[in-house]
Amino acid sequence: MLGKLIKREWTSNYKGLLLLHAGLLLLCTIGHFILAPYVHSAIANSNDVSVSSAPYMILMTAYILAIIAVSFATQLIMVFRYYRTMYGKEGYLTHTLPVTPVQILFSKGLIFFVWYVIDFAVIIVSACLLFSASPFQAELLTYVDDLAAHMGISTGFLYGFVIGYMILAIIYAISMFYCSVNIGCLFHTHKIVASIVTYFLIYIVTQILSTIILMCTSYLPNVLNASNQSSPYPPDGFKDIFGYTGILSVVLCIVFITVSGYISSRKLNLD
Amino acid sequence: MLSISHLTKTYKGNKAAVDDLSLTIENGDIYGFIGHNGAGKTTTIKCIMGILDYERGEITLDGHSIKKEPIYCKSQIAYIPDNPDIYEHLTGIQYLNFICDIYQVSKEQRDRDIKKFADAFEMTSHLGDLISSYSHGMKQKLALISAFAHEPKLLILDEPFVGLDPKASLLLKETMRELCTKGCSIFFSTHVLEVAEKLCNKIAIIKDGALITAGSTAELTHGKSLEEVFMEVVQ
């Protein structure tokens with residue numbers, strides 16, 4: 001049953017989104033071929049890429065705008081799809097199927113998660129394509145090794161930690177999107193506006209909570225002190241703050257998912 | 001089979017859209033639900049389907065509460081709203097297979113029933129097309145085929161004859177009768193009183209959210225036309 005729901009979720013948008021991401025990869029592939037000769041020439045002359053040159057600036061601007069556009073479009077499409085199939089025209093169909101709200105939320109959340117991961121993967125591949133001819137890539141890898149050594153952990157552990165944190169961040173973002181739409185749709189009119197307002201309210205509240213946690217730990221004073229120093233590494237307390245915000249994210253994820261499940265099962269109003 | 005007891009639904013800031021409504025639909029009933037626009041028919045149907053929360057009352061299917069055991073109830077009911085918006089990214093056949101998968105219809109049964117009803121509704125040649133290209137009537141036909149394909153115990157239809165061509169309307173009426181001989185119950189709202197009078201063995205009339213009268217068609221009409229009875233009771 002769940003597999004069928006997941007399959008249907010996937011087939012709902014994959015063509016458009018695949019096209020969008022393929023477009024980004026194509027842009028970066030073209031960018032790579034445009035950039036490569038220029039970067040090779042710069043490396044041969046001074047081992048320094050002049051970032052002020054017109055082709056470089058245009059390419060970088062286009063690349064950054066494309067990433068923002070693709071990420072934003074992916075999120076917008078997935079959130080709008082959630083709204084449409086849960087509370088919009090197709091809502092009646094979703095909620096009259098003999099499946100649990102948990103199965104519905106999970107199937108939608110999983111496909112959103114997959115698209116988020118594809119988004120990240122495409123961005124990383126795009127960046128690799130774009131910078132494969134640049135010394136920046138090697139410098140970044142060296143910096144990661146140095147950072148891991150500075151933190152007293154292995155590079156592999158650092159990569160694992162970052163990936164784990166990214167997974168948590170994606171789940172957090174999805175559950176917050178869904179929770180906002182579910183709360184917004186409790187209103188009888190202007191449901192989309194109410195969902196957007198709810199999202200920003202939740203965002204503000206969670207930022208306040210994060211700031212309070214920062215202030216309660218030693219990290220904030222360390223950041224302020226570090227701003228006067230020239231160290232390339234994050235200040236002390238870096239690992240702790242990830243722990244605290246990680247716990248906060250997990251707790252908030254549980255709250256968001258519980259609220260979404262409760263509303264879609266007990267407070268449904270498809271009027 | 002379906003029991004609605006003292007159902008009350010109020011939209012915020014307004015008077016009750018459905019007020020203390022009680023009805024019982026037995027196995028094999030074709031139950032017509034008639035009333036003016038805004039009388040509370042669609043609200044009642046949405047409450048039965050569990051897509052609209054209500055303040056008071058109890059709705060049960062075979063003794064199972066729609067609120068406490070929604071999965072059981074939904075697995076026994078097929079619902080088609082007045083304006084069926086179906087997943088538009090799917091083709092007709094993909095949608096039918098999806099519904100059959102969810103309701104766990106065997107391959108033999110789905111192949112047989114989809115062919116039978118798609119042929120009858122002249123939809124076979126359109127099943128490979130995207131639903132987004134369908135007209136309102138075609139979407140309604142597809143929704144009907146999907147409902148018939150999983151053999152529900154209770155079929156709930158909101159204005160099922162609106163948008164259907166005469167041939168499809170006739171076929172729907174015949175299929176409704178056929179399903180009821182097998183023990184299925186049908187509860188549908190309509191404005192077409194002639195259809196209700198000919199098709200239904202029971203009728204309920206609702207006005208301003210309150211049930212005015214309900215019972216067997218023969219008892220209600222007493223030799224009069226349903227139109228006359230309806231005009232008498234709602235005025």
Side-chain angles (χ1 to χ4, degrees), chain A residues 1-19 77-78 80-105 107-108 111 182 185-191 194 261-271, chain B residues 9-14 17 42-43 45-55 61 66-91 94-95 97-104 130-132 139 142-143 146-147 150 152 154 156 158:
Chain A
M1 201 85 84
L2 185 61
K4 299 296 175 188
L5 288 174
I6 291 168
K7 186 182 167 192
R8 186 185 59 78
E9 278 303 314
W10 173 254
T11 53
S12 64
N13 281 319
Y14 80 100
K15 285 179 188 166
L17 288 171
L18 277 180
L19 209 64
I77 288 168
M78 295 308 291
F80 184 71
R81 171 155 177 76
Y82 179 78
Y83 167 78
R84 197 181 65 192
T85 56
M86 293 291 279
Y87 300 102
K89 286 180 176 180
E90 295 170 2
Y92 84 90
L93 196 50
T94 304
H95 293 291
T96 53
L97 294 174
V99 291
T100 63
V102 173
Q103 286 174 317
I104 293 170
L105 282 174
S107 62
K108 291 181 184 302
I111 297 304
N182 284 311
C185 288
L186 288 174
F187 290 82
H188 289 276
T189 54
H190 307 296
K191 293 182 178 188
Y262 177 75
I263 292 172
S264 59
S265 61
R266 299 293 171 106
K267 290 287 169 191
L268 200 57
N269 264 309
L270 299 184
D271 48 6
Chain B
K9 166 68 188 172
T10 309
Y11 291 108
K12 273 188 181 168
N14 296 319
T42 299
T43 301
I45 286 175
K46 286 183 174 179
C47 290
I48 295 170
M49 289 313 303
I51 56 176
L52 199 55
D53 195 26
Y54 50 91
E55 295 86 51
L61 181 69
I66 191 80
K67 277 193 172 177
K68 290 173 188 161
E69 297 171 85
I71 306 302
Y72 170 81
C73 294
K74 286 171 187 175
S75 69
Q76 305 298 318
I77 305 176
Y79 164 59
I80 301 172
D82 52 348
N83 193 9
D85 284 291
I86 305 170
Y87 302 130
E88 297 202 331
H89 60 279
L90 298 177
T91 63
Q94 283 174 334
Y95 173 72
N97 276 319
F98 168 69
I99 293 294
C100 287
D101 285 337
I102 293 291
Y103 285 90
Q104 297 174 319
L130 279 174
I131 293 169
S132 56
K139 284 182 188 172
L142 187 71
S146 71
H150 69 84
L154 174 64
I156 296 182
D158 196 356

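When all heavy atoms of A:Met1 and B:Ile102 are compared, the closest pair comes out as SD-O, 3.0 Å. Here the shortest heavy-atom pairing between B:Tyr95 and A:Leu93 reads OH-CD1, 3.4 Å. Across all their heavy atoms, B:Ile99 and A:Leu97 have their closest contact at CD1-CD2, 3.9 Å. For the residue pair A:Glu90 and B:Glu88, the shortest heavy atom distance occurs at OE2-N, 3.8 Å.
Put simply, of B:Tyr79, B:Tyr87, B:Phe98, B:Tyr103, the one with the most heavy-atom pairs under 4.5 Å next to chain A is B:Tyr87. Of the listed residues (B:Asn83, B:Ile51, B:Thr43), the one with the most heavy-atom contacts under 4.5 Å to chain A is B:Ile51. Counting heavy-atom pairs under 4.5 Å between each of B:Ser75, B:Ala17, B:Ala143 and chain A puts B:Ser75 at the top. Contact count against chain A (heavy-atom pairs under 4.5 Å) is highest for B:Ile71 among B:Asn97, B:Ile77, B:Ile71.
Contact of B:Gln94 with chain A is not made at all, since no heavy-atom distance falls under 4.5 Å. Proximity to chain A (any heavy atom under 4.5 Å) is restricted, for B:Lys9, to the side chain, taken from C-beta onward. In this structure, chain A has heavy atoms under 4.5 Å from both the backbone and the side chain of B:Ile86. Proximity to chain A (any heavy atom under 4.5 Å) is shown, for B:Ile80, by neither the backbone nor the side chain. In this structure, no portion of B:Pro70 lies under 4.5 Å from any heavy atom of chain A. Contacts of B:Tyr54 with chain A are absent, with no heavy-atom separation under 4.5 Å from either backbone or side chain.
Although no hydrogens or angles enter the test, the distance criterion places a donor-acceptor pair under 3.5 Å between the side chain of B:Lys74 and the main chain of A:His95.
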